[in-house]
Every structure is written in C-alpha cells, then in structure tokens.
Amino acid sequence: MWAWGGIFEEEEIHENEPALAAIPTELLLPSMRRLGMMDLLDPNWNMFGAWDEILDHIAKVADGFPRVNADKVLVEKSIIWNKARNSIFCRRMSLNNMFGRGPPPHCFKYFSKCSVEMCCNVETAKKPHKHRCTKCYYFHFCSDSCKEYADKFDLHDCDFTPPEKAASIKKEMEAYLGQTKTKKVSKHEICNFCRLKRVDMPPDGTLLQCTGCERVAYCSKDCQLWDWSADHKSQCGKK
C-alpha cells in the first residue's frame, strides 16, 4: 500500500512533475481496484479516504478515465470498512483514556463489518455473521477463526458498552439484518384506503368503521367512497 503514497502527495501534484506521468491510468486503476476489493490498498481507508476520494486524487493529475460498476461497489465497501475500523480504534483509545473525555458516539454504533479489525467480511441479511455477543451486541465475528483471534488477543471489550448502548446497538443490528418484529396492525387501527394509522392521526381524529361489514375502517368519508368503488364494494357484507 505504501507504494501508492507518492501518487497522492499534494506537493507532487503540479504541472512540472505529475506523479502519474510514468504510470498509464489504464494500467494503474485496474491494479488499484483489485487491491481495493481485497482490502489491501489502505489498511484503514484513512490515509487517502474512501475509494471515491482516491479517484478524485487520481483525477487531479491523470487524463479523464471512465468510472465502472466496480467503483461504486468499492466506494460502498471502503466506507463501511473505514467507519467500522475508526469505531474500533476509538474504542481502544477510549479504554486507554487517550481522549481525555468520554468516548465518541460511534464507539457505540452497529457496524456490519466483522469486529476483527483486519477482517473485511461484511454481514448481510442473507449471510449474518456466525458469532455475536448477545450482551453488548457491538462485537460479531464472521468465522470461528476471527472469534478465536479476538479471544486470544482480548479484543472483545464487552464491558465497555453500557446496557443502554447495547440496547441501541441491538436495535440498529436488527433493523439492518431485517430482524425487527413489526407489530401487526388491526384493520380497525388503519384506514383501509390511504393506510393512515390511528396513532398518526390528530388528537381529535378518529377512524370510522364500515357499518356494512364492520371489518374495516376509514379516516374520512372520501376514503370510504374511493375504497367502495375501487375494491370494497365486492367484499363488503352489505351491498
């Protein structure tokens, strides 16, 4: 990675000595994309920023080049890796009282990247990680190897996370992985046409039940008339 450092040094980006003059962009970019996808371009994606910022640096000294689909994917991945590693780093600094004040808020946020700093595996709803701490919910590991590594080097600082923060992290994790349990709304608690919920109505608002079937309700006469002509007429018990 350090070999790329000279490319982005600001003092080298000028007309007399363009840093990329000897490296054709069509050769440079595919190599960098390959390294980036393997998470080998920048250990923390802090040195020069996420992939879009790296492309902006290259554009300052290189001729125009097309951006490809891989660039969009790499931007998303590098941002995830960067934010997660920053959070892990700040937790470590806070544990050692390096900030002189309370830990930054992102020390207690959910991140989808495996909690071993060097690992780049990102969990998804279809492929959640194999191991997860159900006490702090901050730490999760993609494999037995990552879990063993974290245990061996005592990286799992679970007690650092207060219970209320753990509850917040759990909610973020469940929302990301699609594990949030949605409460089924009664047909009497939501307008059958516009889907306005009773809880979202003004204090003086009310839902009017259909007197024909008593199975649905409406927030207004207009919604009832629209629904009657659209669908409810064929379903209502009273024609």
Side-chain angles (χ1 to χ4, degrees), residues 1-93 104-130 132 138-143 145-146 149 169 172-180:
M1 173 264 163
W2 300 110
W4 305 112
I7 294 172
F8 306 117
E9 294 294 339
E10 292 296 335
E11 60 267 21
E12 294 191 22
I13 300 178
H14 52 74
E15 294 182 0
N16 296 328
E17 191 180 1
L20 298 181
I23 309 176
T25 308
E26 61 269 20
L27 297 179
L28 175 73
L29 277 176
S31 300
M32 294 184 70
R33 286 187 182 111
R34 177 69 172 171
L35 289 171
M37 286 295 187
M38 294 189 295
D39 192 28
L40 297 175
L41 189 62
D42 183 340
N44 296 309
W45 296 91
N46 285 330
M47 187 67 65
F48 308 110
W51 180 243
D52 55 344
E53 296 177 69
I54 291 177
L55 290 179
D56 289 341
H57 274 288
I58 297 175
K60 291 179 182 179
V61 292
D63 295 332
F65 54 86
R67 303 214 178 186
V68 298
N69 291 333
D71 291 328
K72 182 178 179 181
V73 174
L74 192 47
V75 167
E76 295 173 354
K77 284 180 175 289
S78 59
I79 289 174
I80 292 172
W81 294 332
N82 168 256
K83 289 183 176 181
R85 286 171 178 150
N86 274 344
S87 175
I88 294 170
F89 173 77
C90 287
R91 282 177 71 99
R92 189 162 59 244
M93 295 286 283
H106 63 283
C107 288
F108 306 114
K109 302 288 288 183
Y110 165 76
F111 296 98
S112 54
K113 191 191 84 67
C114 175
S115 299
V116 169
E117 197 167 356
M118 291 81 71
C119 182
C120 63
N121 190 284
V122 175
E123 68 175 349
T124 64
K126 291 183 177 181
K127 293 188 68 175
H129 283 163
K130 185 175 183 179
R132 190 178 314 277
Y138 180 88
F139 289 94
H140 52 97
F141 307 100
C142 63
S143 64
S145 297
C146 281
Y149 180 89
I169 295 171
E172 293 175 2
M173 177 271 296
E174 289 176 339
Y176 175 81
L177 296 179
Q179 298 175 354
T180 304

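In this structure, Pro128 and Leu177 approach most closely via the heavy-atom pair CB-CD1, 4.3 Å. Nearest heavy-atom pair across Glu123 and Tyr176 is O-OH, 3.0 Å. The minimum heavy-atom distance between His129 and Ser112, with the atom names listed, is CE1-O, 3.6 Å. Across every non-hydrogen atom of Ile88 and Ser115, the tightest pair is CD1-O, 3.6 Å.
Among residues two or more places apart in sequence or in another chain, the ring-ring contact (aromatic ring centres under 6.0 Å, His included) test is passed with Phe139 by His156. For the side-chain contact (heavy atoms from CB on, under 4.5 Å) test, residues two or more places apart in sequence or in another chain that qualify with Ser143 are Ser145, Cys146. Applying the salt bridge (Lys or Arg N to Asp or Glu O under 4.0 Å) criterion to Lys130, with sequence neighbours excluded, gives Asp144. When the side chain to side chain donor-acceptor pair (under 3.5 Å) test is applied to Ser87, the partners found at least two apart in sequence or on another chain are Tyr138. In terms of the side-chain contact (heavy atoms from CB on, under 4.5 Å) criterion, residue partners of Asn82 (sequence neighbours excluded) are, by chain and number, Trp45, Asn46, Asn86. Every residue two or more places apart in sequence or in another chain was checked for a side chain to side chain donor-acceptor pair (under 3.5 Å) with Glu53, and none qualifies. Among residues two or more places apart in sequence or in another chain, the side chain to side chain donor-acceptor pair (under 3.5 Å) test is passed with Glu117 by Arg92. Under the side-chain contact (heavy atoms from CB on, under 4.5 Å) criterion, Ala70 pairs with Arg33, Met37, Val68, sequence neighbours left out. In terms of the salt bridge (Lys or Arg N to Asp or Glu O under 4.0 Å) criterion, residue partners of Asp56 (sequence neighbours excluded) are, by chain and number, Arg67.
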Evaluate the side-chain contact (heavy atoms from CB on, under 4.5 Å) criterion for residues Met173 and Gln179: first the C-alpha distance (whole Å), next the side-chain angles of each, then the deciding distance (0.1 Å), finally the verdict.
CA-CA 8 Å; Met173 177 271 296; Gln179 298 175 354; 3.5 Å; yes
For Arg85 and Asp39, what are the C-alpha separation, side-chain angles and deciding distance, and is it a salt bridge (Lys or Arg N to Asp or Glu O under 4.0 Å)?
CA-CA 12 Å; Arg85 286 171 178 150; Asp39 192 28; 2.4 Å; yes
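Residues Leu55 and Leu29 form a side-chain contact, since some pair of their non-hydrogen atoms from C-beta on lies under 4.5 Å apart.
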Would you be so kind as to tabulate the donor-acceptor pairs closer than 3.5 Å made by side chains of residues 72-80, with sequence neighbours excluded?
| unit_1 | atom_1 | unit_2 | atom_2 | d |
| --- | --- | --- | --- | --- |
| Ser78 | OG | Trp51 | N | 3.0 |
| Ser78 | OG | Leu74 | O | 2.8 |
| Ser78 | OG | Val75 | O | 3.0 |

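Aromatic pair His106/Phe111: ring centres not closer than 6.0 Å.
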